[in-house]
Amino acid sequence: MSAPSEQIAGEAESADAELVDTSPGDSPATSPIRSEAVFIAALDVGTTCVRCFVLDERCAVRGSAVDAVKLLNPQPGFFEIDPEVLWRKIVNVINQAVQNAKLKPTDISCLTISTQRCTFLTWDHLSGEYYHNFITWKDLRADELVEQWNTSWTRRTMNGFSYALFLLTRQSRFLAGSVLKLMNGQVTPRLLYEILNNKRLRHALSQKKARVELLDSWILYKLRSGNGKDTDVEHITDVTSSTATGLYDPFTLSWSPLISWLFGLDTKILPRVVDNGYKGYGHVHPSALGPEWTTTRVPIAASLSDQTAAMWGSQCFAKNDVKVTMGTGAFLNLVTGSQCHAAITGMYPLVAWQMQKKAIYCIEGASHDFGTVVTWAQSCELFADPKDTAAMAESVADTNGVFFMPAFSGLGPPVNDYRSATGFIGLTPSTTKAHMVRALLESIVFRLVQLIEAAEQETSQKLEIIRVDGGVSRNDFVCQFLADLSQLQVERAENSESSIMGAAFMAGINHGIWDSVEDLKCFRQVERVFNPRRKVYDTIVSRMDKWSRAIERFSDWY
């Protein structure tokens with residue numbers, strides 16, 4: 001859920017003094033380098049691919065490997081991943097990356113893990129029986145359940161009661177509860193759907209044999225147990241993976257008793273939440289990754305979600321730092337410091353990271369269709385290669401009155417219409433592919449600017465710089481259009497692998513390779529800064545105004 005309404009009192013320990021401004025202009029010329037060779041294996045398991053990079057103590061990539069994630073679509077709206085197929089790909093890319101680096105497994109100093117959030121499965125870890133495949137964050141199987149709950153009197157009553165408590169106490173946790181709702185991207189509704197519709201799972205729960213695994217907790221179990229050889233392994237997940245599930249309360253830093261009570265979920269089936277500086281991750285089991293690893297004892301130095309990894313990779317450590325990841329989905333994360341911020345525009349408060357019992361928070365807004373829009377347009381032969389889109393968009397002065405609504409998964413905050421339709425509007429006989437491609441790219445930026453404006457409204461802060469990462473961030477037209485429309489500087493790093501770099505940074509801090517985030521400054525080199533052009537602002541803001549009016553034409557379609 002976006003935010004629970006029943007919270008206990010008490011604010012997180014103040015940690016703003018611990019936040020470090022890591023702007024590139026203050027970066028030191030060199031970093032402390034250890035005399036011995038250091039090699040970090042950074043595993044990133046995303047929605048579209050599994051990657052492993054081997055980096056040295058200078059964060060130079062020594063070797064890498066990538067494999068595509070096979071996304072299953074057994075029926076419309078269902079998006080799944082076969083767990084054992086995924087595991088074989090994970091083992092494969094780790095081994096290939098080490099070989100590509102011309103190293104042996106015994107050379108690896110530590111392993112770190114970055115994973116997509118809100119993808120989960122249920123299984124009996126003792127027998128290895130899966131009750132279903134991984135259900136990904138893109139899955140829409142629980143859409144009807146979400147709609148029923150969000151229009152129910154129970155939800156409205158709870159929201160009203162929470163708002164009354166907020167008026168009495170002025171405590172932000174109750175304000176968050178006043179806008180509480182279910183969302184398809186959270187684990188909560190999809191887990192409830194499976195419990196209601198999966199007989200094997202219901203029977204296993206009654207026998208107390210089933211447990212829930214988030215992607216990170218499952219990978220940690222497989223690595224630490226030797227793929228199930230040692231079943232006496234702690235069931236754990238990191239806080240940045242649990243925080244977005246809808247089952248976790250960021251205000252109290254625990255699984256929410258309210259959610260458990262509302263939906264009859266036993267939190268004992270969920271993994272124990274640990275922070276990002278956890279010292280008990282242990283080692284990769286010698287039999288987990290193949291015979292070449294039998295003599296190894298490689299420490300697992302960190303586990304974190306992909307968005308936290310991207311924040312660290314973009315070095316967003318200070319309050320009000322903001323990054324936008326433009327990949328399969330677009331995620332805006334604004335660091336709010338040591339206070340959990342109650343968001344009311346459809347954005348949601350999350351634990352950005354937690355180390356040494358100090359939680360740092362952020363607010364997040366998402367537009368889930370970036371990758372889908374690009375893939376769909378390519379399949380429709382609007383362009384042959386996504387790299388061609390910037391030149392195509394720049395080949396025309398404007399869209400010739402064409403607009404596109406990127407709503408395959410509905411429109412998220414601040415519109416919050418998950419029944420909105422996708423489509424073009426304004427097509428004429430003079431419309432060309434270039435006009436349509438430009439309309440696609442402009443629509444991506446329009447959604448980002450909506451998120452930026454919502455973030456500024458939520459925090460009463462005026463942003464200055466946006467750090468971008470992800471595949472779409474390599475598109476110069478998108479970045480310049482974003483700078484022009486937002487009137488903010490858009491900063492793009494040389495290394496686009498923010499999740500990999502962030503996972504390596506956190507592992508290096510935990511493993512003692514670097515002493516603090518100050519030591520990381522020199523590893524982020526800015527490739528280009530896109531400065532806003534005031535002279536084009538009035539023209540393009542009027543286009544966004546017209547696009548915003550077009551939202552009504554596509555709203556509440558399904």
Side-chain angles (χ1 to χ4, degrees), residues 43 45-47 50 69-75 78-92 113 115-139 141-142 186-238 241-242 244-248 255 259-260 263-274 281-282 284-285 287-289 300 303 305:
L43 174 70
V45 184
T47 309
V50 182
V69 171
K70 185 177 181 181
L71 202 60
L72 305 175
N73 186 212
Q75 56 181 287
F78 285 48
F79 296 97
E80 303 177 352
I81 300 171
D82 184 306
E84 287 305 313
V85 171
L86 180 62
W87 176 247
R88 289 193 291 271
K89 290 177 180 290
I90 289 170
V91 172
N92 185 48
I113 305 166
T115 58
Q116 59 179 284
R117 302 173 312 186
C118 295
T119 291
F120 75 98
L121 59 75
T122 58
W123 71 332
D124 180 346
H125 72 287
L126 297 176
S127 68
E129 179 185 3
Y130 295 104
Y131 301 114
H132 52 81
N133 288 328
F134 271 113
I135 300 173
T136 75
W137 60 274
K138 292 174 66 67
D139 191 277
R141 70 187 62 195
Q186 298 164 331
V187 169
T188 313
R190 289 171 287 133
L191 177 58
L192 289 171
Y193 177 93
E194 282 302 307
I195 293 173
L196 289 171
N197 294 280
N198 189 322
K199 292 181 180 179
R200 286 199 304 133
L201 174 57
R202 286 204 307 275
H203 178 72
L205 287 170
S206 69
Q207 299 292 313
K208 300 191 182 303
K209 291 183 178 180
R211 74 183 194 187
V212 174
E213 298 285 8
L214 304 180
L215 185 54
D216 75 308
S217 69
W218 178 79
I219 293 173
L220 286 170
Y221 176 80
K222 299 279 272 189
L223 286 172
R224 299 167 75 210
S225 69
N227 197 16
K229 288 184 172 58
D230 178 9
T231 57
D232 189 23
V233 172
E234 191 178 19
H235 189 208
I236 54 174
T237 183
D238 93 90
S241 291
S242 64
T245 59
L247 298 163
Y248 190 81
W255 296 119
I259 304 304
S260 175
F263 299 112
L265 295 174
D266 185 356
T267 56
K268 292 180 181 178
I269 67 175
L270 301 171
R272 184 172 74 87
V273 180
V274 300
Y281 286 124
V284 177
H285 195 285
S287 65
L289 300 175
I300 300 174
S303 176
S305 74

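Here the closest heavy-atom approach between residue Leu247 and residue Val187 is recorded as CD1-CG1, 4.0 Å. Shortest non-hydrogen contact noted between Lys229 and Ser287 is CD-OG, 3.2 Å. Heavy atoms only, all atoms of each residue included: Gly46 and Gln116 are closest at O-NE2, 2.7 Å. Taking all atoms of both residues into account, the shortest heavy-atom contact from Ile135 to Arg141 is CD1-NH1, 3.6 Å. Here the closest non-hydrogen pair linking Leu214 and Ser242 is CD1-CA, 4.0 Å. Tyr193 approaches Ala142 most closely through the heavy-atom pair CB-CB, 4.1 Å.
Looking at Asp238 and Tyr281, their side chains come closer than 4.5 Å, going by heavy atoms from C-beta outward. Residues Arg224 and Val284 fail the side-chain proximity criterion, which asks for heavy atoms closer than 4.5 Å. Tyr131 places none of its side-chain heavy atoms less than 4.5 Å from the side chain of Glu194. Taking 4.5 Å as the limit, some side-chain heavy atom of Leu223 sits within range of a side-chain heavy atom of Ile113. Inter-residue side-chain proximity for Thr47 and Thr136 is flagged as unmet; no heavy-atom pair is nearer than 4.5 Å. Within the 4.5 Å cutoff, side-chain heavy atoms of Leu121 are placed close to those of Trp218. In this structure, the side chains of Leu72 and Lys70 come closer than 4.5 Å at one or more pairs of heavy atoms. Proximity of Ser241 to Thr115: side-chain heavy atoms (C-beta onward) are separated by under 4.5 Å at one or more points.
Atom CG of Asp82 is separated from atom CG of Leu86 by 8.5 Å, given to the nearest 0.5 angstrom. In this structure, OG1 on Thr237 lies 7.5 Å from CG on Leu220, to the nearest 0.5 angstrom. Here the OG atom belonging to Ser260 is positioned 8.5 Å from the CG atom belonging to Leu270, to the nearest 0.5 angstrom. Here the NE2-CD1 distance, from His235 to Ile269, works out to 9.0 Å after rounding to the nearest 0.5 Å. The distance from atom CH2 of Trp255 to atom CG of Leu265, rounded to the nearest 0.5 Å, is 11.0 Å. In this structure, Leu201 CG and Thr122 OG1 are separated by 4.0 Å, a value rounded to the nearest 0.5 Å.
Applying the ring-ring contact (aromatic ring centres under 6.0 Å, His included) test to His125 and every residue at least two apart in sequence or in another chain returns Tyr221. Partners of His132 according to the ring-ring contact (aromatic ring centres under 6.0 Å, His included) rule, which considers only residues two or more places apart in sequence or in another chain, are Phe120. Under the side chain to side chain donor-acceptor pair (under 3.5 Å) criterion, Thr267 pairs with no residue at all, not counting sequence neighbours. Here Arg117 pairs with Glu364 under the salt bridge (Lys or Arg N to Asp or Glu O under 4.0 Å) rule; sequence neighbours left out. By the salt bridge (Lys or Arg N to Asp or Glu O under 4.0 Å) test, Arg202 pairs with no residue at all, sequence neighbours left out. Taking the salt bridge (Lys or Arg N to Asp or Glu O under 4.0 Å) definition, one finds that Lys89 meets it with Asp67, sequence neighbours left out. Applying the side chain to side chain donor-acceptor pair (under 3.5 Å) criterion to Lys138, with sequence neighbours excluded, gives Thr372. Take Trp123 and apply the side chain to side chain donor-acceptor pair (under 3.5 Å) test, not counting sequence neighbours, and it matches Glu213. Under the side chain to side chain donor-acceptor pair (under 3.5 Å) criterion, Thr231 pairs with no residue at all, not counting sequence neighbours. Applying the side-chain contact (heavy atoms from CB on, under 4.5 Å) test to Arg272 and every residue at least two apart in sequence or in another chain returns Glu234, Ile236, Val274, Tyr278. Here Arg88 pairs with nothing under the salt bridge (Lys or Arg N to Asp or Glu O under 4.0 Å) rule; sequence neighbours left out. Taking Gln207 as the reference, His203, Lys209 meet the side-chain contact (heavy atoms from CB on, under 4.5 Å) condition, with sequence neighbours excluded.
Formation of a donor-acceptor pair under 3.5 Å by the Asn73 side chain with backbone atoms of Phe79 is not found in this model.
A side-chain N or O of Ser127 and one of Asp124 form a donor-acceptor pair less than 3.5 Å apart.
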Determine, stepwise, if the pair Val69 / Val50 fulfils side chain to side chain contact (heavy atoms under 4.5 Å, CB included).
CA-CA 6 Å; Val69 171; Val50 182; 3.6 Å; yes
Run the side chain to side chain contact (heavy atoms under 4.5 Å, CB included) check on Thr188 and Thr245 step by step: do they pass?
CA-CA 7 Å; Thr188 313; Thr245 59; 5.7 Å; no
